[in-house]
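Note sheet for the following structure.
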Protein chains: 2
Amino acid sequence: MVGIPTLDDVARAAQVHPGTASRALNEETRSKVSPATVGRVLAAADRLGYTPNAVARGLRRQRSMTVGVLIPDLTNAIFPPIVRGIEESLSPRGFTAFVANTDNDDYRERRAFEAFRARQVDGFIFANARRDHGLIQEAFNLGIPSVLANRRTDKSLFPWVAGDDDDGVEQIVKHLVELGHTHVAHIAGPQNNSAGFARAESFRHFVKQHGLRELDCPVVIADAFDTESGGSATKQILHHFPAVTAIFAGNDMIAVGVLGALREAGVHCPVDMSVVGFNDMPLAKDLAPSLTTVAVSGQQLGAMAATLLLDEIAGVDRERTVLLPVELVVRESTAPPRVGALSLARQASAARE
Amino acid sequence: MVGIPTLDDVARAAQVHPGTASRALNEETRSKVSPATVGRVLAAADRLGYTPNAVARGLRRQRSMTVGVLIPDLTNAIFPPIVRGIEESLSPRGFTAFVANTDNDDYRERRAFEAFRARQVDGFIFANARRDHGLIQEAFNLGIPSVLANRRTDKSLFPWVAGDDDDGVEQIVKHLVELGHTHVAHIAGPQNNSAGFARAESFRHFVKQHGLRELDCPVVIADAFDTESGGSATKQILHHFPAVTAIFAGNDMIAVGVLGALREAGVHCPVDMSVVGFNDMPLAKDLAPSLTTVAVSGQQLGAMAATLLLDEIAGVDRERTVLLPVELVVRESTAPPRVGALSLARQASAARE
DNA sequence: CTGAAAGCGCTTACAG
DNA sequence: CTGAAAGCGCTTACAG
């Protein structure tokens, strides 16, 4: 026998009709075949090293057992664990994932979407949602089973899985207030991104609820969830809000940028400035100082998103929104504010205004 | 028209036979069809929003236009850029990637391999090679087109793309020697991994070539390319080799572990100890101190691996080994050794022996 | 230049 | 319980 064995090869070897071989090989239809025949077919399949051709099966069943995953930027440390979780959850149910980076670029995003559609994916996991997202709206109009991971659209189109940001932000604000901070700044992520938007909203809410004055708690919007944007936002804060003693960064990458800018400005973290991140990405604990942040299990998030999607594909009704528990991880980057006067560095920085 | 339009729908709308519609739609066969007919078919396809079913085409052509990518750990920051590069190179040629995490686990690895085979992938990119790798040997025996990315097997089975480690290590050793270091330690990655093995070999070679004494340049083998292993290896070095003034870490993650362990031991980097990493992963420049390391373009590496694979699939002969250029990026973590006596901290650390 | 037909490797109603 | 046949949506030699 040359080449990869097919069902016909197995049927011939087992001396049965291909239809019978197919039924014997398939768990769900096996009961329709006599045990003796099943035995012969299985033995033949085993002997030949037969693996069903998933492409042919997909064509016939009109189900590719394949899922498209759209990631905005795999280089952002929070997404790899999500991808892992997705695979973890897909694989035991016989599904496989196509993964594409979209780079927050409409063209690349659409290209990936269409390539995956042409490949007959049974559904999509979008980890790249913006609050107003044309492509996702389109997927909704086309009735394609989909789930949103991490970020969501303003309109409730598809089921959505994310960490409980509101709870995370409350824990952060509470932690800082308990340390004695009264002037806390927030560097928010882009506001067309639901995470950036929601965390900023929660921040404004909880800061007020914990008795801080709105004026003392400025929100600066970063251009992106990255270190550069975090750095330049920090410079703005140091310049315009010298009374601030704690910065809550919209995510860990922004926080890394904050730490860098503080170092550059000679502002010591945590003595002169506390810093909090969000996500607890892999290296957060290895930074100097190690980063206080809110942990969300990306793997769990991905796994849950995949589970919801598979249920949706199978026609099972499920909850539309899953908020995963989050946990504040206190490390070295937060401390009580320095009592009394501003540090020398902060004074100098303020004097330069 | 309900549901996704098929070729038959297009043919009917254009009033031609499906075979003709197929030829008109396909660039390579279009010249066999009269321009008028091509026009009608294209118009009909456009009007219906027709996209060819890649699964059906794959079945018929015996070519899925699909590639399997095996990544040992997507959470390791060097792999996401590689995946990006792979997609970058695949997509314009009409290919799409299945991606799986293997976690250096034989079982998961094999499961992914078989799932991808069942999906009729046209080839594999293995970024998870160990020097002696059963699964890759098996792929070779089966004659499956494949390319190794980053790591390789000892036996030359498939084409291989990687950074020029030997050159990178030479640049590192040269840099440290020029700074005045005479006692340099290397924390090598696992020796069943070609990168870990080759870098250690190169280190031993160049250290000698640059006139350092073998005895002064110990090599400690880390259990894994991660921070924990880097940390414990550092403790060993501080304990057993107090004269060492520079550590070359097998990769950046190990280097992060080194920095942490030094901080914990009160050894100042770079004043008391220089540290060099390898790979220039995304956060290397944001560490404190920022990390001197060797930059390899993961994206370029992935793109090249995909290109080699597609050529192999197309039956084009290509070079078997591509070494990409590397570049030493000097940052804050390296400096001349402190002259004269050991620092107090190092003395104390040595005294504790 | 176009049509008719076979076939890629499966699954699954339909008979018997 | 098993076989015969149709068909998923394409492509492509083969005629004409």
Side-chain angles (χ1 to χ4, degrees), chain A residues 1-42 44-45 48-66 94 117-122, chain B residues 1-42 44-45 48-66 94 117-122:
Chain A
M1 182 115 351
V2 172
I4 296 172
T6 73
L7 184 66
D8 275 11
D9 296 326
V10 175
R12 210 169 305 125
Q15 318 234 52
V16 295
H17 188 270
T20 304
S22 171
R23 282 185 289 257
L25 255 9
N26 234 291
E27 301 247 356
E28 302 91 62
T29 49
R30 187 167 296 164
S31 60
K32 297 180 178 175
V33 180
S34 80
T37 309
V38 169
R40 257 186 309 140
V41 171
L42 258 35
L48 297 177
Y50 171 73
T51 319
N53 179 327
V55 170
R57 170 183 287 170
L59 181 62
R60 171 61 225 238
R61 284 207 181 146
Q62 298 289 79
R63 178 121 302 169
S64 68
M65 305 292 280
T66 256
R117 287 250 295 157
R119 298 225 133 75
Q120 314 300 113
V121 296
D122 295 327
Chain B
M1 182 111 359
V2 172
I4 296 172
T6 72
L7 184 67
D8 276 10
D9 297 325
V10 175
R12 212 170 302 124
Q15 319 233 51
V16 294
H17 188 271
T20 304
S22 171
R23 282 184 288 258
L25 254 8
N26 234 289
E27 302 247 356
E28 302 93 60
T29 49
R30 188 167 295 163
S31 59
K32 298 181 179 177
V33 181
S34 81
T37 309
V38 169
R40 257 186 308 140
V41 172
L42 258 36
L48 297 177
Y50 171 72
T51 319
N53 180 326
V55 171
R57 170 182 287 170
L59 181 61
R60 173 59 227 237
R61 285 207 181 145
Q62 298 289 77
R63 177 121 302 170
S64 69
M65 304 293 280
T66 256
R117 287 249 296 156
R119 299 224 133 75
Q120 314 299 114
V121 296
D122 296 327

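By convention in this document, chain letters (A, B, ...) are assigned in the order of the sequence lines, proteins followed by strands, and residues within each chain are numbered from 1. What you see is a predicted model, and the numbers here were worked out from it, not measured in a lab.
Residue whose closest nucleotide on DNA chain D sits further toward the 5' end, between B:Leu59 and B:His17: B:Leu59.
Here A:Thr20 reaches the OP1 or OP2 of D:dG3: one of its side-chain N or O atoms lies under 4.0 Å away. Between B:Thr29 and the phosphate of D:dT11, there is no side-chain N or O to OP1/OP2 separation shorter than 4.0 Å. OP1 or OP2 of C:dT11 sits under 4.0 Å from a side-chain N or O of A:Ser22. Between B:Gln62 and the phosphate of C:dG7, there is no side-chain N or O to OP1/OP2 separation shorter than 4.0 Å. Taking side-chain N and O atoms only, B:Arg61 has a distance below 4.0 Å to OP1 or OP2 of D:dT12. Distances shown here put every side-chain N or O of B:Asn53 at or beyond 4.0 Å from the OP1 or OP2 atom of D:dC8. In this structure, B:Gln120 does not reach the C:dG9 phosphate: none of its side-chain N or O atoms is under 4.0 Å from OP1 or OP2.
With D:dT11, D:dT2, D:dG9 as the candidates, the nucleotide lying closest to the side chain of B:Arg57 is D:dT11. Among the nucleotides D:dT2, D:dT11, C:dT2, the one closest to the side chain of B:Asn26 is D:dT11.
The residue B:Arg60 sits close to a base: some heavy atom pair falls under 4.0 Å. Heavy atoms of B:Ser31 sit under 4.0 angstrom from primed sugar atoms or phosphate atoms, though from no base atom.
The nucleotide D:dG16 finds its pairing partner in C:dC1, both defining distances of the Watson-Crick or G-U wobble pair being shorter than 3.5 Å.
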